[in-house]
Amino acid sequence: MSFPLLTATAALPAIGAVATAAVPAARRNAAKTLALLFSLATLVLAIVVLVRFDPDGDRYQLTESHAWIAEFGVRYELGVDGIAVALIALTALLIPFIVLAGWHDADPLETGSKRWRPTQGFFALILAVEAMVIISFEATDVFLFYIFFEAMLIPMYFLIGGFGDRAHEHGEETASTQRSYAAVKFLLYNLAGGLIMLAAVIGLYVVAGNFSLTEIAEARASGSLDMATNTERWLFLGFFFAFAVKAPLWPLHTWLPNAMGEATTPVAVLITAVVDKVGTFAMLRFCLQLFPEASKWATPVILVLAVISIIYGALLAVGQRDIKRLVAYASISHFGFIVLGIFAMTSQGQSGATLYMVNHGISTAALMLVAGFLISRRGSRLIADYGGVQKVAPVLAGTFLIGGLATLSLPGLAPFVSEFLVLVGTFSRYPAIGIVATFGIVLAALYTLVLYQRTMTGPVRPEVAAMPDLRARELMVVAPLIVLLIFLGVYPKPVTDIVDPAVKQTLSDVHKKDPRPEVEAAK
């Protein structure tokens, strides 16, 4: 039996979570170090997966399959395609930076205070989320995927509700109430989506007789499994609803600004750069592959929802007073672009959407983490409380600017390539939708540049006059992300080479081809 590499990649952070939680309470630094080491070891395994994956090989590679609940056709089945490999690498890459950035976020609030926060628990929960996200990307059994798709809500609930942002203008008691509200809202929205998906999962089993993604897809392609039109559409809607909540897509998005605003900055990055990607990934893997005809049937409505997300999220970002909520609404706009690329049903659109998932994770992590370092120095999330920071902390201001420029998809930075591909792929099939979506770029430039202008330029406010610049640990977090943004902006080929074959196979699943350019032949 070959080494179960995919199982090991998901199991290692789970083991790290248990080991970190077991560290004695008095040894907080040991718990932090242990969590960092396990996250780095997981990154090494993710790199091994990346190296061993052959983009031109079989669709699902490094597969594992074992009987689990044989009476109900449930198997422990894992396998990765190019899209999953890229997102596993993104997840494993970001977690060490999240751990480093949150190094002091779970320390006791006050010396001798009864409001003690379990440092070990904070880092153990982060590793637990990493394990569940990775196995969600690997699962090719629908029931196995569903279990971890839902299970990751539990550690995220405690991370949001139990370890909130200390920078709150209304005091600790009000902050605790708002954290609880954000955590409960996050849980209820996602549980509602999950319950509807569970009904669809059961319906799929009734129709197909098993939960294996590969077997069901092959049976559908060969014609041996013929779903009734209405059945396929209802099942598709059950799956898509859950994924749209997780993504999040308008109008199911309202939990995200609350969750990101009240969580610590590293947890906010974990939400939008890692966890939410499971929703858009699952649209590609499950919705399109299992329900191709229903996916095409629902495309016009989904494209409209995606465009509303793009414009609505950007407009609300323009009007925000809170830095973290601004980034949250910007993320809603960006997820609209991702969904738009997926359902444009073109190779450029879906390649751009997958690349956008990776690039959005890096750019949002860079911007949000630098914003978190800024907020921790001033003790406020309000934009109006800043001004002139670039004169006293130029490195912090410079990295903040690069993260912001990546958010608005400046050419030369990674998100530009993905956004360009999404728009090209959309224009070629739905030109009107593409034109409206382009206004999201203009609004992104507005909210990003206004944010930078109000916080970093102008006269130095007395409250920031003594603000220190980025420290060594903080530079270790931000510098690699900035380098990646520039590298992938100039040379995205390493990622596109991995994801393009998987995208072509996904288009084949829905029996779609790229539209031919309408160019009159030269005479």
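At least one donor-acceptor pair closer than 3.5 Å links the side chain of R429 to the backbone N or O of M345. In this structure, Y146 contributes its side chain and G194 its backbone to a donor-acceptor pair below 3.5 Å. Counting only distance, with no hydrogens or angles, the side chain of Q350 and the backbone of I342 share a donor-acceptor pair below 3.5 Å.
F123 is linked by a ring-ring contact (aromatic ring centres under 6.0 Å, His included) to nothing, counting only residues two or more places apart in sequence or in another chain. For E232, the salt bridge (Lys or Arg N to Asp or Glu O under 4.0 Å) criterion is met by R220, not counting sequence neighbours.
Counting non-hydrogen atoms of neighbouring residues, nucleotides and ligands closer than 6.0 angstrom, the CZ atom of F420 reaches no more than 12 such neighbours. Within 6.0 Å of the CH2 atom in W234, the count of heavy atoms belonging to other residues, nucleotides or ligands does not exceed 12. Residue F286 places its CZ atom among more than 12 non-hydrogen atoms of other residues, nucleotides or ligands, all under 6.0 Å distant.
When only modelled atom types and interatomic distance are considered, Y430 and T299 share no side-chain donor-acceptor pair under 3.5 Å. For the 3.5 Å distance criterion, the side chains of S39 and E130 fail to qualify, holding no donor opposite an acceptor. Side chains of T407 and Y447: no donor on one and acceptor on the other come within 3.5 Å. With 3.5 Å as the limit, one finds a donor-acceptor pair spanning the side chains of T7 and E64.
The salt bridge (charged side-chain N to carboxylate O under 4.0 Å, His left out) pairs that include a residue from residues 272-287 are D81-R285, where partners are two or more places apart or lie in different chains.
By the 4.5 Å heavy-atom criterion applied to side chains, Q61 and D54 are counted as neighbours. Side-chain contact check for L488 versus V495: some heavy-atom pair is nearer than 4.5 Å. The side-chain heavy atoms of K493 and D500, taken from C-beta on, include no pair separated by under 4.5 Å. Counting only heavy atoms from C-beta outward, the side chains of T63 and T214 never approach each other to under 4.5 Å. Between L94 and L481, the closest side-chain pair of non-hydrogen atoms falls below 4.5 Å.
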Begin with the C-alpha distance, continue with both residues' side-chain angles, and end with the deciding distance and a verdict on ring pair (Phe, Tyr, Trp, His ring centres under 6.0 Å) for F149 and F243. CA-CA 10 Å; F149 180 81; F243 303 152; 5.6 Å; yes
Using the ring pair (Phe, Tyr, Trp, His ring centres under 6.0 Å) rule, take F337 and H360 through it: C-alpha gap first, then chi angles, then the decisive distance, then the call. CA-CA 11 Å; F337 276 108; H360 172 265; over 10 Å; no
